[in-house]
Structures are given as C-alpha cells and as structure tokens.
2 protein chains.
Amino acid sequence: MKKDEKKYDNADECPITIFMDKIGGKWKPVIVWLLLNNGTMRFNELDKAINGITQKMLSQQLKDLELENIIKRISYPVIPPKVEYSLTDKGKTLSELLKGIMQWSKTNLQGNYQ
Amino acid sequence: MKKDEKKYDNADECPITIFMDKIGGKWKPVIVWLLLNNGTMRFNELDKAINGITQKMLSQQLKDLELENIIKRISYPVIPPKVEYSLTDKGKTLSELLKGIMQWSKTNLQGNYQ
DNA sequence: TACTTTATAGTAAGTTCTTGCGGCAAAGTA
DNA sequence: TACTTTGCCGCAAGAACTTACTATAAAGTA
C-alpha cells in the first residue's frame, strides 16, 4: 500500500456521520423528542419547551428537519401567525432509536460527575 | 403561568442532549465504530482510517472519549511512540445503538439526494 | 550526517455556529 | 391611539470549532 493511502473512507459516506449531521447536534434531537411526546406543537410551544434555544435557532432547525422530511409544517394564514409542527411518518420511525439513546445515556452518562 | 416561564426544561438535562454532546459530533461516533469493528487500533491507523480528520482533531477526540471512559488508551514507552486504543466495556455497549443508527440512516437518509 | 518514524502539544488563522437585537403584518384589546 | 400577539428574517458580533503548521524525542537506516 502506498504511503499516505487511506485504508478506509469512513468519514464521508459513513451512515452514522450522515445521521449525526442531519439529525444530531444540540437541538434537533430534542425537537424530535418533544414532537414524539406531544404530537403537534406550535412554534411558541417549542420555544418555551426548549431551554436556552433562540427563536432564530429554532426556526433554522425546524427548517432543516422539514427539508429532511422528518417534520411536517402546517401554516395557517391568520394574524397573528399560527404554524403547527408535527412528525412525518419517517420522523416517527426515530422513536425507538431515540428511546435507545435515551436509555443508554441515562445508564451510562448520567451521574458520573459526582 | 407567568410570562416567559418555561414549561419544561429539556435541553440541559435531556439525556439525548448529553449523549449528543459526549458521543455525538463529526468524529466520535466514527472512532467508536472503527474500534468496535477492528478491536485495538494505533493512532496512525485511526488517522488513516478516518477520511479528512487532522491529527490534532483525532487526539482531541480520543482524549474526550477516554475521559468519558468509552475508550482505553495504552501507551508503550518506546521511541517512536506506540499507543493503542480500544473500547472499554462501557464503550462496547454502544454497539447495538450504533448499529441501530446505522440501519436507520441507511434506510432513511441515504439516496434521497437523487 | 541526514532523514524517517510516532503520537501528540502549541499557536495562529480560518470557518462555521449561535446569539442578540430590531423589525414586520394586521387584528384584537385597553 | 398604543400596545400585544406570532412566526419568523436579516444583520452584526461573539463564541466555538477546525485546520495548518511547527516542534519534539531517540533509535534505525541510507
């Protein structure tokens, strides 16, 4: 094998990397989790539910998730605006995965700060 | 309920957020995945295996994972240096989770770029 | 002698991510 | 009339994350 040659090429097409890129991060999993538990939520409800997020961030993340077809956005043409967010069928399939992550995290990451 | 009061407080202590913070990101899941599949690996092997990572990044991520007790580091006092990385028992318990993420990602995130 | 090897640590520079602030629309309420 | 409401957007500024580059040890090899 030549010098500097890469044996694998995991980073770019690794499904896990893609996942982290699209569903991971600081806010997206929380948004999905909330919608999973609460069904339909309005923008302001999500804003209040998520500690520390700014409206700017929230709308950005929602847009990303909508583009990935994880969430569904329904906008009512009223004033003041009313927009409802909920999970798509695809988004709902994240349920087990998130539960798994949550469980692992509770077991392994919580409480080792002492 | 008072104005601006938060109904929940998910972001800070949400296990999923903690997980993403500690095991998520661009490189960590890939490192864990590689160690899961290859057992023990040396620094250079990981470097070659991970497309696009810099050595600096790699050593930082490895250090983080070691602090979380996900990976184990064995350093041999020889010159040139030799350091071996492998998963701890705790790290190994990530196996199913990562497989699940990988599966979901393959099914749902791959190939919708057309 | 000069170069190569390995696993990092600094440092500076560059990028991307997040925040904060202000603003808009048009109806309802005080 | 003046203020409130909702779901954003745009811009500037700050924070965080990444990269690139240099350096090191001490033995082995050309």
Side-chain angles (χ1 to χ4, degrees), chain A residues 1-7 10-12 17 20-31 34-35 38 40-67 71-86, chain B residues 1-7 10-12 17-18 20-31 34-35 40-67 71-86:
Chain A
M1 183 160 59
K2 282 182 304 221
K3 193 180 153 192
D4 289 347
E5 191 176 325
K6 299 279 177 186
K7 256 190 285 185
N10 300 55
D12 283 349
T17 303
M20 288 298 165
D21 201 45
K22 305 211 164 162
I23 323 280
K26 191 172 177 185
W27 309 114
K28 287 187 188 120
V30 182
I31 293 172
L34 284 170
L35 293 177
N38 300 319
T40 299
M41 291 179 84
R42 294 184 62 180
F43 186 86
N44 267 354
E45 292 184 286
L46 286 165
D47 189 29
K48 289 205 188 86
I50 304 172
N51 186 267
I53 200 170
T54 59
Q55 293 187 320
K56 179 94 197 223
M57 263 295 107
L58 180 55
S59 67
Q60 262 173 52
Q61 305 298 303
L62 288 169
K63 198 182 292 174
D64 288 352
L65 287 171
E66 200 197 344
L67 278 175
I71 66 175
K72 189 164 45 198
R73 192 186 108 106
I74 298 175
S75 167
Y76 299 88
V78 295
I79 292 220
K82 172 175 176 176
V83 181
E84 289 182 341
Y85 294 93
S86 57
Chain B
M1 183 160 60
K2 281 182 306 218
K3 192 179 157 193
D4 288 346
E5 191 175 325
K6 299 281 177 182
K7 254 189 285 182
N10 299 58
D12 284 348
T17 302
I18 295 174
M20 288 299 164
D21 201 44
K22 304 210 166 162
I23 324 280
K26 191 172 177 184
W27 309 114
K28 287 187 188 121
V30 181
I31 293 172
L34 284 169
L35 293 178
T40 298
M41 292 179 83
R42 295 187 60 183
F43 186 86
N44 267 353
E45 292 184 285
L46 285 165
D47 189 29
K48 290 204 188 86
I50 303 172
N51 186 269
I53 200 170
T54 59
Q55 293 187 319
K56 179 91 195 223
M57 261 296 105
L58 181 55
S59 68
Q60 262 173 53
Q61 305 299 303
L62 288 169
K63 197 180 294 174
D64 288 352
L65 288 171
E66 201 198 345
L67 277 175
I71 66 175
K72 186 163 48 196
R73 191 187 110 106
I74 298 175
S75 166
Y76 298 89
V78 296
I79 291 219
K82 173 173 175 177
V83 181
E84 289 182 341
Y85 292 94
S86 57

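Protein chains get the first letters and strands the later ones, always in sequence-line order, with residue 1 at the start of each.
The NZ-P distance, from K48(B) to dA7(C), rounds to 9 Å in whole Å. Rounded to whole Å, the distance from CZ on F43(B) to C1' on dA7(C) is 6 Å. L58(A) has its CG atom 10 Å from the C1' atom of dC8(D), to the nearest Å. Regarding K63(B), its NZ atom lies at a distance of 15 Å from the P atom of dT18(D), rounded to whole Å. Look at CD on E66(B): it is 14 Å from P on dA7(C), rounded to the nearest Å. Between the C1' atom of dA16(D) and the CG atom of D21(B) lies a distance of 12 Å, rounded to the nearest Å. For the pair D47(B) CG and dT5(C) P, the interatomic distance rounds to 13 Å; values are reported in whole Å. The CD1 atom of I74(A) sits 18 Å away from the C1' atom of dC8(D) (whole-angstrom rounding).
Taking every heavy atom of both residues into account, L58(B) and F43(B) meet most closely at CD2-O, 3.6 Å. A pairwise comparison of heavy atoms in M20(A) and G24(B) identifies SD-CA, 4.0 Å as the closest pair. Of all heavy-atom pairs between L35(B) and I71(B), the closest is CD1-CG2, 3.7 Å. The shortest heavy-atom contact between K28(B) and K22(B) is CD-O, 3.2 Å. Of all heavy-atom pairs between A49(A) and M41(A), the closest is CB-CE, 4.2 Å.
The phosphate of dA7(C) has OP1 or OP2 within less than 4.0 Å of a side-chain N or O from N44(B). For dT5(C), the OP1/OP2 oxygens have no side-chain nitrogen or oxygen of R42(B) closer than 4.0 Å. A close approach under 4.0 Å does not occur between any side-chain nitrogen or oxygen of S75(A) and OP1 or OP2 of dG7(D).
Partners of K26(A) according to the side-chain contact (heavy atoms from CB on, under 4.5 Å) rule, which considers only residues two or more places apart in sequence or in another chain, do not exist here. Partners of Q55(A) by side-chain hydrogen bond (donor to acceptor under 3.5 Å, both in side chains), not counting sequence neighbours: none found. For R73(B), the side-chain contact (heavy atoms from CB on, under 4.5 Å) partners at least two apart in sequence or on another chain are E66(B), S75(B), V83(B), Y85(B). Every residue was checked against the side-chain hydrogen bond (donor to acceptor under 3.5 Å, both in side chains) condition with Q60(A), not counting sequence neighbours, and none meets it.
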Next item on the list: Would you give a per-nucleotide map of nucleotides 17-30 of chain C, 5' to 3', where B means the base has a protein non-hydrogen atom under 4.0 Å away, S means only the sugar-phosphate does, and - means neither?
Entry: -SBB-----B----
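Among the atoms of the strands shown, only primed sugar atoms or phosphate atoms (P, OP1, OP2) are found under 4.0 Å from some heavy atom of Y85(A).
Taking the screw axis at each terminus of the helix from dT1(C)-dA30(D) to dA30(C)-dT1(D) from five consecutive base pairs, the angle between the two is 20° to within rounding of 10 degrees.
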